Protein chains: 2
Amino acid sequence: MPSSTVENYLKHILLLSEGAQDLVSMGDLAVALAVVPGTATTMIKALAREGYVAHQPRQGVSLTPTGRTVALSVLRKHRLVETFLVNVLKMDWASVHAEAEQLEHSISDEVLDRLDALLGYPATDPHGDPIPSRKGKLNFQVYASLATCALKQPLRIVRITEQTTEFLQFADQNHLLPGSTLIVTGRNLPAGLATIKTTGTRALALSITAAGKILVEPLRR
Amino acid sequence: MPSSTVENYLKHILLLSEGAQDLVSMGDLAVALAVVPGTATTMIKALAREGYVAHQPRQGVSLTPTGRTVALSVLRKHRLVETFLVNVLKMDWASVHAEAEQLEHSISDEVLDRLDALLGYPATDPHGDPIPSRKGKLNFQVYASLATCALKQPLRIVRITEQTTEFLQFADQNHLLPGSTLIVTGRNLPAGLATIKTTGTRALALSITAAGKILVEPLRR
DNA sequence: TAAATTATTTTGACTACTCAAAATAGCGCA
DNA sequence: TGCGCTATTTTGAGTAGTCAAAATAATTTA
Ligand SMILES: [Mn+2]
Ligand SMILES: [Mn+2]
Ligand SMILES: [Mn+2]
Ligand SMILES: [Mn+2]
């Protein structure tokens with residue numbers, strides 16, 4: 001069985017390669033795991049020897065099928081646990097990430113299946129992040145963000161791609177939750193600002209960077 | 001924060017000193033933790049240096065107030081988690097011990113409080129083991145067992161003091177659960193046997209050793 | 001094309017935990 | 001009083017994971 005350290009390495013390689021290039025740099029990985037770069041290099045060489053990753057020296061690292069399976073299982077646990085904490089225990093959605101970061105390593109598949117059933121087999125966690133299926137299928141969908149979508153169009157928030165407590169609290173306070181509807185009233189690229197309006201007639205300014213973390217889909221019908 | 005290894009050492013010292021002498025031997029501790037005796041000695045010396053235990057060389061080890069606080073908190077997590085797994089997730093009571101053994105180290109106090117509320121602040125876990133209070137009070141009660149109680153008296157099972165899957169499955173199959181009522185019809189000490197009868201008119205023979213693991217109280221009124 | 005900057009890897013060292021096997025202490029018993 | 005058994009402790013060694021700092025490779029800049 002992989003240790004929780006190994007599980008964290010594999011999960012973060014998966015997250016960092018999501019959507020982007022499939023070679024993850026040692027630098028990015030080290031930042032994500034809060035270790036120095038030399039530690040990441042050493043660890044990746046060990047993981048390569050054990051068959052979890054492929055290492056292109058000086059280029060980056062990618063998951064093998066085995067490593068990907070482990071990573072998806074950990075991610076599934078993480079997101080189902082977050083959903084449980086919010087939906088059943090009514091915890092603050094901004095604080096559940098840290099809890100899940102621990103619990104993802106000590107929950108058995110048996111417990112996870114029962115949790116899944118209790119929650120009604122959810123497709124996404126409270127932040128809109130897709131939950132990998134038991135078979136390891138990750139429903140990766142490309143959405144526009146508030147930084148890239150069309151202006152003056154009714155939108156629905158589908159996902160917040162940032163786990164920090166501060167950002168999630170900010171989003172919560174301004175009713176920027178998955179399911180909320182809004183329009184982007186304008187953008188000022190030189191100033192790096194986007195202005196939006198939630199259905200409750202609230203106007204709000206956001207940096208383009210922050211806007212890029214809020215994913216939306218056009219509101220049909 | 002103590003590591004999960006440290007938490008396990010402290011918890012097992014608490015369990016081994018329950019009721020019995022307050023000096024736990026290295027041998028007993030090593031068996032409980034599945035390590036060789038030398039490892040236990042080394043570890044205990046480290047725990048003593050950190051103020052969790054008092055070590056009387058060649059005599060045994062006992063918890064300091066600090067160590068006891070940690071141990072009680074871990075035990076509380078263990079037993080509340082077991083209760084959650086059985087009462088909410090409907091898991092088999094014989095298999096939850098192993099799960100709780102892991103989860104007890106990764107559940108935060110915040111989550112635990114909410115679990116406690118969800119469960120209705122239970123006083124005991126599914127095996128009848130008392131759950132330490134949040135303040136760290138462990139309701140230790142001395143009960144008779146099927147090996148020591150009076151014969152031909154109506155009894156109620158209050159606790160099963162053994163965590164192995166096999167024993168718990170056996171108890172389950174024979175309706176020997178906390179809350180069940182029965183009488184001890186006889187004992188044959190030389191043969192090492194006790195015979196009992198459950199209210200469903202079931203007769204059953206048990207070794208005295210096994211009988212000693214089932215704690216009972218006289219059925220009042 | 002050479003120098004400078006940046007990212008990665010290597011080296012040496014440290015902590016936490018563990019085991020195997022040898023040394024020692026504390027008995028009970030003759 | 002001394003012998004032998006048993007439990008405990010010590011010693012030496014190994015694994016997993018980490019950091020600081022030096023070495024190296026790759027890329028950018030001049
Ligand atoms: Mn984690
Ligand atoms: Mn999430
Ligand atoms: Mn444990
Ligand atoms: Mn129990």
Side-chain angles (χ1 to χ4, degrees), chain A residues 1-14 16-17 20-63 66-67 70-71 74 101-102 104-106, chain B residues 1-13 16-17 20-64 66-67 70-71 74 101-102 104-106:
Chain A
M1 286 301 95
S3 68
S4 57
T5 303
V6 170
E7 289 186 343
N8 278 330
Y9 272 83
L10 299 178
K11 187 188 70 171
H12 278 108
I13 295 170
L14 178 68
L16 286 171
S17 56
Q21 76 298 335
D22 50 7
L23 275 199
V24 174
S25 77
M26 288 304 131
D28 290 354
L29 188 55
V31 168
L33 290 160
V35 296
V36 300
T39 300
T41 301
T42 307
M43 195 65 198
I44 286 305
K45 295 213 303 183
L47 295 185
R49 189 161 9 86
E50 291 163 49
Y52 291 120
V53 301
H55 184 206
Q56 259 70 57
R58 244 122 201 159
Q59 304 287 128
V61 67
S62 58
L63 294 171
T66 308
V70 174
V74 177
E101 204 55 52
Q102 296 311 120
E104 66 189 0
H105 309 293
S106 40
Chain B
M1 285 304 91
S3 68
S4 57
T5 304
V6 170
E7 289 186 342
N8 278 331
Y9 273 83
L10 298 178
K11 187 188 71 171
H12 278 108
I13 295 169
L16 287 171
S17 55
Q21 76 300 333
D22 49 7
L23 275 198
V24 174
S25 77
M26 288 305 132
D28 290 355
L29 188 56
V31 168
L33 291 159
V35 295
V36 300
T39 300
T41 301
T42 308
M43 195 66 197
I44 286 304
K45 294 213 304 184
L47 295 185
R49 189 161 9 86
E50 292 163 47
Y52 291 119
V53 302
H55 184 205
Q56 259 71 59
R58 242 119 203 163
Q59 304 286 130
V61 67
S62 58
L63 294 170
T64 62
T66 308
V70 174
V74 177
E101 203 55 52
Q102 296 311 120
E104 66 189 359
H105 309 293
S106 40

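Throughout, protein chains are lettered first and strands after them, A, B, ... in sequence-line order, and every chain is numbered starting at 1. Owing to the predicted nature of the structure, the values given are computational and were not obtained by experimental measurement.
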Can you tell me if the side-chain N/O atoms of [X] get under 4.0 Å from OP1 or OP2 in [N]?
X	N	value
A/His55	C/dT9	yes
B/Ser3	C/dC17	yes
B/Thr39	C/dT18	no

So which heavy atom on [X] is nearest to which on [Y], and how close?
X	Y	value
A/Val35	A/Ala40	CG2-N, 4.2 Å
A/Ile13	A/Leu63	CG2-CG, 3.8 Å
B/Gly51	B/Thr64	O-OG1, 2.7 Å
B/Ala48	B/His55	CB-CB, 4.4 Å
A/Thr39	A/Tyr9	CG2-OH, 3.7 Å
A/Thr42	A/Gly38	OG1-O, 2.8 Å

[X] [atom1] to [N] [atom2], straight-line distance once rounded to whole Å:
X	N	atom1	atom2	answer
B/Leu33	C/dT18	CG	C1'	12 Å
A/Tyr9	D/dG17	OH	C1'	8 Å
A/Ile44	D/dT18	CD1	C1'	15 Å
A/Lys45	C/dT10	NZ	C1'	8 Å
A/Met26	D/dC19	CE	C1'	17 Å
B/Leu47	C/dA16	CG	C1'	12 Å
A/Leu29	C/dA7	CG	C1'	14 Å
B/Asn8	C/dC17	CG	P	11 Å

Please tell me which of B/Gln56 and A/Glu50 maps to the more 5' nucleotide of DNA chain D, matching each residue to the nucleotide holding its nearest heavy atom.
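Comparing both residues, the 5'-ward one is B/Gln56.
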Toward the 5' end of DNA chain D, by each residue's nearest nucleotide, A/Thr42 or A/Pro57
A/Thr42
Among [options], which is the nearest nucleotide to the side chain of [X]?
X	options	value
B/Pro37	C/dC17, D/dT8, D/dT10	D/dT8
B/Val36	D/dT8, D/dT18, C/dA20	C/dA20
B/Val6	D/dT8, D/dT10, C/dC17	C/dC17
B/Val35	C/dT18, D/dT8, D/dC19	C/dT18

Sugar-phosphate only, base, or nothing, as touched by A/Thr5 at under 4.0 Å among non-hydrogen atoms
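A/Thr5: backbone/sugar contact only, no base atoms under 4.0 Å.
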Any chance you could lay out the side-chain contact (heavy atoms from CB on, under 4.5 Å) test for B/Asp28 and B/His12, step after step, and finish with the verdict?
CA-CA 10 Å; B/Asp28 290 355; B/His12 278 108; over 6 Å; no
Every protein N/O within reach of nucleotides 21-24 of chain C N/O, cut-off under 3.5 Å:
| residue | atom | partner | partner atom | Å |
| --- | --- | --- | --- | --- |
| C/dT24 | O2 | B/Arg58 | NH2 | 2.8 |

For B/Asp22, is there any backbone N or O sitting under 3.5 Å from a side-chain donor or acceptor partner on B/Ser62?
no
